[in-house]
2 protein chains.
Amino acid sequence: MHRREPCRWRRRKEARPGEIIEAALDLFVTSGFNATRLEDVAKRAGISKGTLYLYFRSKEDLFRAVVQQIIIPEVEKAEQHAASFTGSQQELLTHMINNWWNVIGKTRLAGIPKLMVSEAANFPELARFYVKNVVSRARKIMTDAIQKGIEQGEFRTCDPNSASRLLIAPLVFAVIWEKSLAPFDSQTYDVEDYIRSHINFFFDGISAKGKD
Amino acid sequence: MHRREPCRWRRRKEARPGEIIEAALDLFVTSGFNATRLEDVAKRAGISKGTLYLYFRSKEDLFRAVVQQIIIPEVEKAEQHAASFTGSQQELLTHMINNWWNVIGKTRLAGIPKLMVSEAANFPELARFYVKNVVSRARKIMTDAIQKGIEQGEFRTCDPNSASRLLIAPLVFAVIWEKSLAPFDSQTYDVEDYIRSHINFFFDGISAKGKD
DNA sequence: ATTAAATAACTGACCGGTCAGTTATTTAAT
DNA sequence: ATTAAATAACTGACCGGTCAGTTATTTAAT
């Protein structure tokens, strides 16, 4: 009497790509692109390294797939939300900032901006893809909102391009900081307070009802 | 009659380390740590790879030497300037921001923050060194100034820790952006205007003479 | 002053380890 | 029996670090 050996593996053509992407995301954001071994990605996805190459042509290709599958859907949601929003521009922008923090900043996705910044020079094509399909689109939503706010007299006259960059910069920097040097800093800080202060300062500065 | 062959090389024990550090800085900030070959550093410094190891124990050691020799002197200058400054805190902080941009932001040193952020996880010891000897010290200057400004009634009450981070974040992010994704962005922007707007927004927000 | 012995700066060929990518073979599914 | 998903052993390029040997320079003897 012997127990039926379970299959050593199963054919799961449909499920593999998603599982590989998940595994790669986890390892890329914790170890970085270079330090991540495809052997380890495969192991985490429950396959062998060779199988990985049935679904992705190269390590870079896998990297692109991660960005494409994970980040772009979030950009699309943000665009749809902004398009159907009816409140003030300050409300819209505040919501976007807080939402960005909740969906990207405090999740494992926070590793993506750091990854893109670190690897841009090594993967020009991917960098271009990311700027075009993520950064530019996200920035457009904010720039448009600021432009509208100026036209409607909600904000004072200023360059919407600089302003939108100033609005997002402290957040992106915060996630980059958390994923890089923060672990080596003994002095901690309260990120929530940091973001709240930023929003206050920013809208104080851009608000139309001037103090002078 | 034949011309005297010039020496194939000269012994230059004193000059080598500085020249190697210069070469390494140039290559590290343009290609990144990993992509920089010690062979190329050596070539640029006008020596062989073996010679490099007479002066630096490892690639990481060379990296540390670069940070130590190039950045720390700037931190010291800033500390001295702040200690002897007599004007308002807003003037001091504005000067620091502009100075940071002139000395780091618009020079090749701009590559250092990006490099540290990208490589922190790979070189924990160096990351700790950098945070302790560069980041913390620079931040302390600004936090102290903001604290003083609050006490003297120049700024409104707020957390000086969050505020100092918010003051520097857009600048550090700007250099990281320039050295990573900006080359792949067709939409350019005016960094000087960006910084000017930032200073305006920030001091509008933190100023004591409230608008409400 | 000249020279030869000693020193130490410097070179460059080489090596071991790593890892992305390949391929011959096995195995599950039909 | 046939197919294609998956494996695992394999390759080869790459590169940080080493070290035996070379050469510029210094030192000491005459």
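First the proteins, then the strands, lettered A, B, ... as listed; each starts at 1.
Put simply, the side chain of B:Arg11 and the base of D:dA24 share a donor and an acceptor less than 3.5 Å apart. For B:Lys49 against C:dG12, no side-chain N or O and base N or O form a donor-acceptor pair under 3.5 Å. Under 3.5 Å, the side chain of A:Lys13 and the base of D:dA4 form no donor-acceptor pair of N or O atoms.
Side chain to side chain, B:Gln68 and B:Asn133 fail the donor-acceptor criterion of an N or O pair below 3.5 Å. Using modelled atom types, one finds no donor on one side chain facing an acceptor on the other under 3.5 Å when comparing B:Glu60 with B:Asn122. Side-chain N/O atoms of B:Asp144 and B:Gln147 include no donor and acceptor closer than 3.5 Å.
Following rounding to the nearest Å, A:Asn34 (CG) and C:dC19 (C1') show an atom-to-atom distance of 11 Å. As rounded to whole Å, 11 Å separates atom C1' of C:dT11 from atom CZ of B:Arg16. The CG-P distance, from B:Asp61 to D:dG16, rounds to 15 Å in whole Å. Between A:Arg10 atom CZ and C:dT30 atom P the separation is 10 Å, expressed in whole Å. Per the geometry, CG belonging to A:Asp40 stands 13 Å off C1' belonging to C:dT18, to the nearest Å. Here D:dA6 presents its C1' atom at 15 Å from CD of A:Glu14, a figure rounded to the nearest Å. B:Lys43 places its NZ atom 17 Å from the C1' atom of C:dC10, with the value rounded to the nearest Å. The CD1-C1' distance, from A:Ile47 to C:dT27, rounds to 16 Å in whole Å.
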Start with the C-alpha distance between B:His198 and B:Tyr194, add both sets of side-chain angles, then the distance that settles ring-ring contact (aromatic ring centres under 6.0 Å, His included), and finish with yes or no.
CA-CA 6 Å; B:His198 171 51; B:Tyr194 168 90; 7.3 Å; no
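For an aromatic pair to be called close, the ring centres must be under 6.0 Å apart, and A:Phe129 with B:Phe184 fails this.
Taking every side-chain heavy atom of B:Trp9 into account, C:dA9 is the closest of C:dA9, D:dG17, C:dC19. Of the candidates D:dT7, C:dA20, C:dA9, C:dA20 carries the atom nearest the A:Tyr53 side chain, counting heavy atoms from C-beta on. With distances taken from any side-chain atom of A:Leu54 to the nucleotides D:dA6, C:dG12, C:dA9, the minimum falls on D:dA6.
The local environment of CZ in A:Arg108 is crowded, with over 12 non-hydrogen atoms from other residues, nucleotides or ligands closer than 6.0 Å.
Where DNA chain D pairs in unbroken runs of 3 or more (Watson-Crick or G-U, both distances under 3.5 Å), the stems are C:1-30 with D:1-30.
At the heavy-atom level, A:Tyr55 lies under 4.0 Å from the strands shown only through sugar-phosphate atoms.
At D:dA5, none of the side-chain N or O atoms of A:Arg12 fall inside 4.0 Å of OP1 or OP2 (strictly under the cut-off). Between A:Ser48 and the phosphate of D:dA6, there is no side-chain N or O to OP1/OP2 separation shorter than 4.0 Å.
Between A:Glu74 and A:Lys77 there is a salt bridge, since at least one side-chain N of the basic residue sits less than 4.0 Å from a carboxylate O of the acidic one. A salt bridge links A:Glu19 with A:Arg12: the closest approach of a Lys/Arg side-chain nitrogen to an acidic carboxylate oxygen falls below 4.0 angstrom.
Judged by closest nucleotide on DNA chain C, A:Arg37 is the one of A:Arg37 and A:Gly50 placed further toward the 5' end. Each of B:Arg57 and A:Thr51 lies near DNA chain D, and the nucleotide nearest A:Thr51 is the one positioned closer to the 5' end.
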